[in-house]
Engineer: 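For reference, the structure I am asking about is given below.
Keep in mind it's a predicted model, so treat the numbers as computed, not measured. Just the heavy atoms: all of them, side chains too, but no hydrogens, waters or symmetry mates, feed the values below. Naming: A, B, ... by sequence-line order, numbering from 1 per chain.
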Protein chains: 4
Amino acid sequence: TQMGTYFICTPIQEFDIRKIGYFKGISDVHRVTGNHKMVSSKWKLDRTIIDCGDGVLIGDNNLAMMAGPCSIESEEQINDTVESLLKNGVRIMRGGVYKPRTSPYSFRGLGMEGLKMFYQACNKNGIKIITEVMESAQIEEMMPYVDIFQVGARNAQNFNLLEALGEIDKPVLLKRGISGTIDELLYSAEYVFKSGNEKLILCERGIRTFESAYRNTLDLNAVPILKEKSHLPVVVDPSHGIGIRKHVIQMALASAAVGADGLLIETHKTPEKAATDGQQTLSFKEFDELMLKLKKLKEIF
Amino acid sequence: TQMGTYFICTPIQEFDIRKIGYFKGISDVHRVTGNHKMVSSKWKLDRTIIDCGDGVLIGDNNLAMMAGPCSIESEEQINDTVESLLKNGVRIMRGGVYKPRTSPYSFRGLGMEGLKMFYQACNKNGIKIITEVMESAQIEEMMPYVDIFQVGARNAQNFNLLEALGEIDKPVLLKRGISGTIDELLYSAEYVFKSGNEKLILCERGIRTFESAYRNTLDLNAVPILKEKSHLPVVVDPSHGIGIRKHVIQMALASAAVGADGLLIETHKTPEKAATDGQQTLSFKEFDELMLKLKKLKEIF
Amino acid sequence: TQMGTYFICTPIQEFDIRKIGYFKGISDVHRVTGNHKMVSSKWKLDRTIIDCGDGVLIGDNNLAMMAGPCSIESEEQINDTVESLLKNGVRIMRGGVYKPRTSPYSFRGLGMEGLKMFYQACNKNGIKIITEVMESAQIEEMMPYVDIFQVGARNAQNFNLLEALGEIDKPVLLKRGISGTIDELLYSAEYVFKSGNEKLILCERGIRTFESAYRNTLDLNAVPILKEKSHLPVVVDPSHGIGIRKHVIQMALASAAVGADGLLIETHKTPEKAATDGQQTLSFKEFDELMLKLKKLKEIF
Amino acid sequence: TQMGTYFICTPIQEFDIRKIGYFKGISDVHRVTGNHKMVSSKWKLDRTIIDCGDGVLIGDNNLAMMAGPCSIESEEQINDTVESLLKNGVRIMRGGVYKPRTSPYSFRGLGMEGLKMFYQACNKNGIKIITEVMESAQIEEMMPYVDIFQVGARNAQNFNLLEALGEIDKPVLLKRGISGTIDELLYSAEYVFKSGNEKLILCERGIRTFESAYRNTLDLNAVPILKEKSHLPVVVDPSHGIGIRKHVIQMALASAAVGADGLLIETHKTPEKAATDGQQTLSFKEFDELMLKLKKLKEIF
């Protein structure tokens with residue numbers, strides 16, 4: 001079993017692992033079978049903890065909260081949200097500035113303008129930013145203002161984007177594809193990891209099924225299975241996972257009970273006026289209620 | 001809003017509800033719109049509590065536990081299980097004697113012989129029995145030995161069976177169909193209710209999706225939605241819902257956290273030797289662990 | 001390879017096949033591996049042809065047409081349909097008298113009254129009847145009036161019904177389950193076959209997916225795959241398979257092109273007035289058009 | 001109804017269409033309701049025909065064939081394929097040089113090197129090229145060597161790529177997403193169209209379902225529905241749609257029978273040696289057989 005440092009290589013061809021076992025300083029050599037190599041819990045037994053800076057961690061035994069609006073709308077909106085987060089001790093704010101929308105006629109975000117505004121308000125309050133990047137060409141420009149890059153469900157197999165994110169040194173949160181398998185999510189993570197970036201977070205956000213009574217089918221089975229197969233932290237997005245505001249709190253509690261390392265929650269001062277996703281966004285008051293219940297839950301696990 | 005007793009009728013034709021409003025003793029008359037009438041929370045605001053006799057309730061604020069083997073195998077097996085249940089204060093034992101099996105070459109249960117053995121061992125220990133009935137012709141014979149009739153996922157739309165169960169006076173637990181919608185589950189419940197039996201329990205047990213990393217996709221979204229739409233108790237079967245033994249406890253905790261009124265859990269003294277479903281069955285030791293964790297969870301909700 | 005007559009047995013335990021190979025009159029002995037035994041094309045190379053009597057065959061190289069209304073409604077309706085069928089040389093009429101309906105408040109068929117009426121009108125015109133049976137208790141009463149028993153999608157895994165149909169000597173058409181796999185359909189066929197009835201027809205009728213632009217997803221992939229795996233005839237129901245009247249003809253042509261042995265088509269004199277399924281039912285004029293196009297198609301294959 | 005030329009605009013705000021109706025030269029003004037505007041058959045009644053140059057058309061009443069290997073491998077392979085296409089009168093060759101692969105360890109194509117080789121061999125033989133583009137940054141470099149840009153299933157909602165392709169003047173073929181709805185495919189087409197490129201082809205290639213007996217579920221229902229909803233040509237990829245070599249011909253015939261405007265077929269001199277997708281690739285001999293059968297089919301429709 002793994003105890004100290006390691007290095008890993010992925011030879012294309014057949015290779016006799018005894019060759020390197022004889023080198024000095026090597027205590028042990030293993031062959032990792034299975035489809036996924038670097039993200040697999042077979043070669044790395046310790047769970048990965050993501051350090052977002054300033055003591056903000058994901059994957060330690062605290063439930064990392066990432067909350068905020070679906071879309072960044074205005075300075076006032078950001079400040080209101082920051083206040084709500086600070087009050088609850090939440091250190092990461094979510095908010096989209098590039099929005100992938102099914103229809104070209106929908107609101108598509110404030111872009112770089114919005115991101116800079118978002119960054120300024122959060123940075124001075126010690127709050128980290130997670131926001132979605134839609135293609136590799138955007139990375140460089142966004143880089144100074146982003147703490148965690150989010151890859152959305154529709155880009156879960158945008159391999160060019162994944163490899164480009166593999167070359168940077170900031171955490172990346174990968175959402176499972178709209179009908180993506182667990183296996184595919186791990187392969188997508190492998191793309192990033194293999195390209196050099198080990199700061200990865202996996203995110204369950206609901207899958208597409210035949211059921212139409214809610215938006216997506218939140219697949220909480222995926223949490224223990226991902227945590228068994230991979231050493232990476234696993235977070236859940238119950239807001240997208242059910243898509244109905246009044247049920248988000250319960251699904252968030254279930255996500256925590258099943259062992260998620262963190263939660264992505266959509267919150268807004270006035271959900272009914274949100275530019276996007278208002279139907280699944282908690283008010284600040286509801287968010288306070290959620291935080292209180294999560295606190296109780298954490299005490300027993 | 002509903003405060004006292006009620007009666008309900010489902011006229012086929014258009015009807016002027018004022019006609020009955022004038023009768024003496026009628027305090028109020030409402031028209032229930034929507035597809036489901038009698039199982040809908042629109043006409044009955046109080047949540048239904050199922051009384052299985054001897055103080056065994058489902059739907060009050062305790063989490064009703066129904067545990068036991070997938071299949072009844074032997075007297076010894078039943079007695080071992082009873083002992084495990086008694087130790088944990090569990091009052092309902094599950095166990096199949098008629099097993100719907102995809103292949104005709106699989107083990108199909110001990111039938112009436114097994115049921116009588118099952119009943120004897122449980123009855124003298126004050127434990128109630130839940131077991132599956134596969135067609136209406138079996139009901140009469142099974143009747144004296146069964147406390148809760150279970151309708152399996154494959155029979156979720158066996159309307160003849162549902163109507164026959166509507167004519168008896170024992171609780172019925174309806175499992176959601178293999179790819180059944182929430183709407184269809186409520187319609188199936190309506191079949192039973194409309195035929196006269198109001199002692200109904202709804203059960204989420206996982207749905208069929210494209211994902212193959214586990215057996216079924218446990219749909220915990222269904223719990224708050226069913227509880228919103230219907231006044232009937234909602235229980236969860238995490239054993240079938242994930243189908244992998246080592247993850248059942250976590251999924252059971254998530255089910256409790258999301259507000260389930262009860263749990264169906266497969267347990268066996270030696271899961272690896274179980275006639276059926278061993279791969280998803282908890283050992284008695286694992287079951288003890290689950291009960292301990294559930295106890296802690298109940299304290300905070 | 002198989003050339004003459006055969007007999008088959010399904011021993012539960014391990015068995016040395018050489019034991020029976022030495023018996024006189026045995027030319028060869030084979031072990032059939034795989035999940036399905038008797039319905040598998042591994043042990044029977046000739047394709048099965050179902051003889052419905054009076055020269056009405058399913059599975060020979062003609063496309064067997066089964067057409068008629070979703071529900072039997074009246075004598076006049078039956079007579080109108082018979083006339084349309086006779087005109088087009090169609091020898092099998094479909095029509096439901098027991099209707100499985102999602103809601104208990106929907107029209108559920110005329111029952112035995114309707115069946116007798118149906119039989120009389122068809123019998124005197126040399127037309128065979130296919131109609132749905134919903135539970136084993138109905139078989140005996142229906143027996144004299146039915147030529148082909150249909151098992152509906154919701155009963156695809158009603159194993160008691162399947163075994164009961166295995167004990168009669170009339171053809172049985174099995175519809176694939178609402179989200180039934182190909183494998184499960186073959187297992188269900190195995191239930192009937194193993195119980196003694198070899199007159200089986202498999203039917204693809206669309207599966208449940210996430211797509212909501214039509215009723216079901218007609219899975220024409222299933223046709224070549226079922227014909228490869230099994231020796232039984234495979235028919236298609238494009239009416240349920242798309243559920244939209246104006247597209248049924250095209251889907252029927254595709255079904256014929258892909259190699260179906262027959263088609264189930266919903267037709268009605270006035271589809272817009274049909275008691276059930278009007279939205280997917282062809283008018284007689286549209287049915288004539290379909291028959292004309294199928295005739296051309298048959299000339300080239 | 002539409003008879004002559006048209007222009008269309010998509011005002012964001014409410015607008016009184018009578019304002020422009022009074023302008024000179026305007027014969028009629030319509031408001032297009034529904035989600036999709038420009039790709040909808042509501043505003044353009046004539047079906048769109050894509051001109052790929054040199055008389056190669058898609059969407060006229062001939063079935064446009066696009067055949068070739070999954071991946072471009074070598075000059076010899078290209079020349080062999082060209083020969084097979086010329087023999088059958090096929091004018092468009094498919095072949096991937098950038099391959100989106102689930103695993104980063106799989107073969108990912110020859111890139112620009114391969115594309116240039118591909119172009120040279122086809123161009124001198126009057127054969128048009130269709131190949132996949134994976135991100136907007138690749139378009140410019142690929143431009144001189146590509147006749148039709150293909151957007152793969154995994155990029156079906158890569159909106160940045162779609163908009164970038166909207167700004168060029170070459171045909172674009174959009175594959176339906178892995179579990180993409182018909183509605184989403186039309187929205188994706190709308191992204192391209194709205195950005196200025198009207199040369200669009202829609203492609204059904206199978207969707208993800210629970211069925212595992214084949215690769216994808218070819219959804220032929222989508223063909224008549226897409227042709228009803230949109231004026232764009234609709235082609236089918238039966239190779240990916242079933243994923244099993246021996247069944248591709250039958251699925252191709254069904255696709256033609258249902259009214260597809262063209263087919264994408266994977267062919268290779270020695271499928272068993274193909275770098276990718278060999279299991280679903282036709283040999284040249286099988287491709288000849290398909291072309292012969294399609295010819296017969298075309299005579300009757």
Engineer: Can you see which heavy atom on B/Pro224 is nearest to which on A/Ile242, and at what distance?
Structural biologist: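 That closest heavy-atom pairing would be CG-CD1, 4.3 Å.
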
Engineer: Under a 4.5 Å heavy-atom cut-off, does chain A meet the side chain of B/Ile249, its backbone, both or neither?
Structural biologist: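 Contact with chain A: none, neither part.
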
Engineer: Are more than 12 heavy atoms, taken from residues, nucleotides or ligands other than A/Lys229, located less than 6.0 Å from that residue's NZ atom?
Structural biologist: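 At most 12 heavy atoms, drawn from other residues, nucleotides or ligands, come within 6.0 Å of this atom.
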
Engineer: If you compare all heavy atoms of B/Phe210 against all heavy atoms of A/Arg208, which two are closest, and at what distance to 0.1 Å?
Structural biologist: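 Where B/Phe210 meets A/Arg208 most closely, the heavy atoms are CE2-O, 3.8 Å.
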
Engineer: Need one label for B/Thr181: side chain, backbone, both or neither, based on atoms under 4.5 Å from any heavy atom in chain A.
Structural biologist: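 Both backbone and side chain.
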
Engineer: Give the minimum heavy-atom separation between B/Ala257 and A/Ala257, together with the two atoms involved.
Structural biologist: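 It is CB-CB, 3.8 Å.
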
Engineer: Whether A/Lys296 and B/Glu299 form a salt bridge (side-chain N of Lys/Arg under 4.0 Å from carboxylate O of Asp/Glu) is what I want to check.
Structural biologist: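 Salt bridge: no.
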
Engineer: Enter the distance from B/Lys227:NZ to A/His247:NE2 here, rounded to the nearest 0.5 Å.
Structural biologist: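 These two atoms lie 11.5 Å from each other.
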
Engineer: Drop me the distance from B/Ile182's CD1 to A/Ser212's OG, to the nearest 0.5 angstrom.
Structural biologist: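 Reported value, rounded in 0.5 Å steps: 8.5 Å.
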
Engineer: For A/Thr209, is it the side chain, the backbone, both, or neither that has a heavy atom closer than 4.5 Å to a heavy atom of chain B?
Structural biologist: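 Answer is side chain: those atoms of A/Thr209 sit under 4.5 Å from chain B.
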
Engineer: If you count every heavy atom of other residues, nucleotides or ligands that lies below 6.0 Å from A/Lys87 atom NZ, does the total exceed 12?
Structural biologist: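 Not more than 12 within 6.0 Å, no.
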
Engineer: Please give me the minimum heavy-atom distance between B/Asn221 and A/Thr217, naming the atom from each residue.
Structural biologist: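 For B/Asn221 versus A/Thr217, the nearest heavy atoms are ND2-CA, 3.8 Å.
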
Engineer: Identify the heavy atoms of A/Met251 and B/Val258 that sit nearest to each other, and give their distance.
Structural biologist: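 Closest heavy-atom pair between A/Met251 and B/Val258: SD-CG2, 3.5 Å.
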
Engineer: Pick whichever of A/Asp219, A/Leu253, A/Ile244 has the most heavy-atom pairs under 4.5 Å with chain B.
Structural biologist: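 Of A/Asp219, A/Leu253, A/Ile244, A/Asp219 has the most heavy-atom pairs under 4.5 Å with chain B.
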
Engineer: So for atom NZ, which belongs to B/Lys295, do other residues, nucleotides or ligands contribute more than 12 heavy atoms lying within a distance under 6.0 Å?
Structural biologist: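 Result for NZ/B/Lys295: open.
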
Engineer: Given heavy-atom pairs under 4.5 angstrom as the criterion, report whether the side chain, backbone, both or neither of A/Arg176 touches chain B.
Structural biologist: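 Side chain only.
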
Engineer: Can you tell which of B/Leu220, B/Val223, B/Ile225 has the highest number of heavy-atom pairs within less than 4.5 Å of chain A?
Structural biologist: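 If we count pairs closer than 4.5 Å to chain A, B/Ile225 comes out on top.
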
